[in-house]
Amino acid sequence: MKFTEEHEWLREEDGLIVVGITEHAATQLGDLVFVEMPDTDIEVAKDDEIVVIESVKAASDIMAPIDGTIVEVNDAIVANPELVNEDPQGDGWFFKMKASDASQMDDMMDADGYAKFIG
Amino acid sequence: MGDLKQTPLHAMHLSLGAKMTAFAGYDMPVQYKPGVLKEHLHCRAEAGLFDVSHMGQILLTPKSGDVADAALALETLVPAAIAGLADGRQRYGMFTNDEGGILDDLMIANRGDHLFLVVNAACKDADLAHLQAHLSDTCEITPIPDRGLIALQGPAAEEALAALAPAARDMRFMDVIVTDNAFGELWISRSGYTGEDGFEISMPGDQAEAFARALLDNDAVAPIGLGARDSLRLEAGLCLYGSDLDTTTSPVEAGLTWAIQKVRRTGGAREGGFPGAARILAELTGGPARKLVGLRPDGRAPMRAGTPLFAEADGGEPIGQITSGAFGPTIEAPMSMGYVTAAHADTGGTIYGEVRGKRLPATVVDMPFRPATYKR
């Protein structure tokens, strides 16, 4: 699993990249109450703001961590945003991407690096 | 953070693992470990304990010895009828300014030979100065900074408080009593800011933590932070000063006409006589230009404070703005309140909030979003 400075995690699964937010991010945001997903089959560029989430406190954007195509979004968290807080690095995943250039992940942090990053 | 004031419960909040935030000059708990959603639902299901010691407690004592003189004096600053308030009863009111706007909203209790006021933390210094400027001829005005104030709210509140102060059981909504117990003299009102049955209890500051912990020893009682306090009051359709009420909003625009009793209105025995009466009485008769309305967004996206409101899905000028908006954990839906021009304030109408550049529909609804459960 790889991690970004924007508190997203990326995991390879069946040739796709599954993306979610970290446990740390979920805790900091507080209980999520709203998730707005992008359409599938759209091409996105790294740092595009593609998902809107709202917690009990405020709205935030989730950015595309790499270039690629959105293949699937997690409708379960749209219906039940709390799932993100309950299992942020499992059932609370956000979307699956087909990477244009998987090497964009090479420089991302591993679990140890991320743990140090959030200190 | 060094300049922030602390309530008598500050150390307890830290020991309970609260996440703290600056609020009205105080370092206050915004949430505890369970988080805002669970705290909100706990208060509705059982009982929540809130530290509201940052609020201002003020005694208004008539120099004549007759509480009616203090009541009549206070009526020169608030549109509520205070002279008619019975001994042992409390009433909601607001300080108005000469333009008919609201300087602060407050609770006013008649305690036999004096009045007891509870005002908002952010306004308390200004309120004291206001009272001293206008009422010091007739009243002694005494701030009470050394007492704690705790709100205990929810269906289990009565049982929890009665275990420590049995007299609480016999109170009804908006009753006030003074009672002695192991924690010293308690000033109790059966009221609150959640729409739940519950109490607000003032106690000596040095007893506040012991008293709070005695309540928290009851399994039904959990501490609740400012985050859930806000979503609870919004579900209950209760205004927040500084957000939904300010010096530009009149009580009539804010829908607080129920807090202006008949005797203070046009044709009443004590008609007018408060700051801004000309505007406020005219609005009572002719209707205000804008009104505070409840809004239920049709989708799941919350419409938060500052969201501009429009009559149409496209084009046109704003007809108003959201002043409070959040997700309602009990109603499991987003909810907002905001001011709109009177023409668009009718219940059942559809208006549009502009969220992230998109106009999203919302329905104008009656408040509260969730019915109150006061023990009347």
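Naming convention: chains lettered A, B, ... in sequence-line order (proteins, then strands); numbering from 1 in each chain.
- Neither the backbone nor the side chain of A:V35 has a heavy atom closer than 4.5 Å to any heavy atom of chain B.
- Inspection of the B:D244 and B:T323 side chains reveals an N or O donor paired with an N or O acceptor under 3.5 Å.
- Ranking A:V78, A:V52, A:V33, A:N85 against chain B, the residue ahead of the rest is A:V33, based on heavy-atom pairs under 4.5 Å.
- Options B:V36, B:V30, B:L37 differ in how many heavy-atom pairs under 4.5 Å they form with chain A, and the most are formed by B:L37.
- Side-chain N/O atoms of A:E43 and A:T69 include no donor and acceptor closer than 3.5 Å.
- The contact between B:Q31 and chain A is made entirely by side chain atoms (from C-beta outward), counting heavy-atom distances below 4.5 Å.
- Considering every non-hydrogen atom in both B:H344 and B:V364, the closest pair reads O-CG2, 3.9 Å.
- Ranked by heavy-atom pairs under 4.5 Å with chain A, the first of B:A326, B:A301, B:G35 is B:A301.
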Residue pair A:I17, A:E12: steps toward the side chain to side chain contact (heavy atoms under 4.5 Å, CB included) verdict: CA-CA 5 Å; A:I17 309 297; A:E12 286 197 57; 3.5 Å; yes
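- Interface residue A:A59: backbone and side-chain heavy atoms are both found under 4.5 Å from chain B.
- Two rings, from A:H7 and A:Y114, have their centers less than 6.0 Å apart.
- For B:R300, the parts lying near chain A are the backbone and the side chain together; criterion is any non-hydrogen pair under 4.5 Å.
- Looking only at side-chain heavy atoms (C-beta outward), B:V221 and B:E46 stay at 4.5 Å or farther from each other.
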